[in-house]
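Below is one structure, written out as structure tokens, with a few remarks after it.
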Amino acid sequence: MSILIFIVILLVLVLVHECGHFFSAKKFGIRVDEFGFGFPPKLFGKKIGETEYTVNLLPIGGFVKIFGEDPNEENINGPDAARSFVHKPKWQQAIVLMAGVAANFLLAWLLFSIGFMSGLPTSVNSADPKYELSNVSLVVVSVAPDSPAMKAGLQSGDKIIAIDSTTSSDLAASQGIKNPSPDQLKDFIVKEGSVSKEGQLAGQLSPVLGITYTRGNTEEQIAFIMPDQNSGTGEATIGISMDQIGTAKLPIFKAFYEGAKLTLIVTKGTVVGLYTLITDGLKGKGSLDAVTGPVGMVGIVGDAYQFGFVYLLSFAALISINLGIINAIPFPALDGGRLFFLIIEKIKGSPITPKIANTANMIGFGLLILLMVVVTYHDIAKLF
């Protein structure tokens, strides 16, 4: 299911991005030869009008083949040269090149706005003070592999409503906390975990933790969780990260306003993170642990799906912003790289030699594919 959802999300994001290029090119009378989802080899296609719509084997992107975007003799001097990208004014070329990026940011804005209208899950700690949060609950954000919590059956998205400590399966016979905060839950686990350890040393019956939680609309109970001791701090832990999350539901106009603000905030954070990643890499301090490819994203989709549909909308908005930012980077084969060449042509007053431009874009494309292979291999390696 996670793979299917990820493919659907990717399809939507790619289609929106490429539609930006497609419709802007059509608006300026530029011929569009192909609209493709995925990268070749081609599986099948259908020609409608002058454009062939294709589905390709590698579902990790998409493209629009615009007549004249890669200069050659035909689109420079051929019979249909007037409809070539290279013969359009520079400002029109710039709009066509960046329309895909703009479409991704507009989609993110729309998705965040729909999320606010539907009820966007928001962390209490990071929420705008003006938000009125409802249904605030303690949510399990992640569960560590082979941890006591995972062995007991806790999952991402579970909402913890009570925790107890007891020597029997009768949780009602013990004193615990209802609707705990993250700090209260952590302190309770640390306290009861240390008591458990002392009890074991004294030869006494050790208490265990009991957790009551909701999953979906069902309330469930785990009666026996024995905490582990953190090897670094020595504190008791059950292997979960958690956050207090409430629902921010806004009227339509305010939702669009807050959606725009959230889009700007996420964009700024993503740019800063990407800049840090690149500069650390140049300094030899970089790590692929901070990068996630298609395989890793499938796992993230699975977690978002467990939390609910609105989380999927937010995840899709985040990926859309990332897609827009990455494509805006001035690197050959990306939209930003082509815009960079366009700026150079404007400054020097003459076109870049087609052979140089095409070679640079081909090399850039090859390096991007190589990076994708490396990241994918790293994602797979982390699974084992």
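Hydrogens, waters and symmetry mates are skipped; everything else that's a heavy atom, side chains included, is used.
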What are the two closest non-hydrogen atoms of [X] and [Y], and how far apart are they?
X	Y	result
Phe63	Pro40	CE2-CD, 4.2 Å
Leu138	Pro182	CD1-CG, 3.5 Å
Ala248	Thr122	CB-OG1, 3.8 Å

Would you say [X] and [Y] make side-chain contact, with heavy atoms under 4.5 Å?
X	Y	value
Cys19	Phe35	yes
Ile161	Asn179	yes
Ile189	Ile163	yes
Leu368	Leu334	yes
His17	Asp335	yes
Phe112	Ser320	no
Phe256	Met117	yes
Leu250	Tyr257	no

With rounding to the nearest 0.5 angstrom, report the [atom1] to [atom2] distance, [X] to [Y].
X	Y	atom1	atom2	result
Leu110	Phe105	CG	CZ	15.0 Å
Phe67	Glu74	CZ	CD	4.5 Å
Arg31	Lys26	CZ	NZ	9.5 Å
Ile9	Ile5	CD1	CD1	7.0 Å
Arg83	Ile30	CZ	CD1	9.5 Å
Asp164	Thr212	CG	OG1	6.0 Å

Short question: side chain of [X], backbone of [Y] - any donor-acceptor pair under 3.5 Å?
X	Y	value
Thr279	Thr276	yes
Gln93	Phe85	yes
Ser137	Val139	no
Asp33	Thr51	no
Ser84	Asp80	no

Review point. Would you say the side chains of Ser134 and Thr247 form a donor-acceptor pair under 3.5 Å?
Key: no

**Study point:** Residue of the set Gln221, Glu220, Gln155 for which side chain to side chain donor-acceptor pair (under 3.5 Å) holds with Tyr213
**Key:**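 Filter result, single survivor: Glu220.
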
Check your understanding: Is the shortest side-chain N to carboxylate O distance from Lys42 to Glu52 below 4.0 Å?
Key ->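 The answer is yes: the pair qualifies as a salt bridge.
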
Review point. Name the one of Asp158, Leu154, Val140 that satisfies side-chain contact (heavy atoms from CB on, under 4.5 Å) with Ile211?
Key: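 Among Asp158, Leu154, Val140, the one meeting side-chain contact (heavy atoms from CB on, under 4.5 Å) with Ile211 is Leu154.
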
Exercise for review: Dump the intermediate steps for side-chain contact (heavy atoms from CB on, under 4.5 Å) on Leu342 and Leu339, then the final yes or no.
Suggested key: CA-CA 5 Å; Leu342 190 65; Leu339 180 64; 4.2 Å; yes

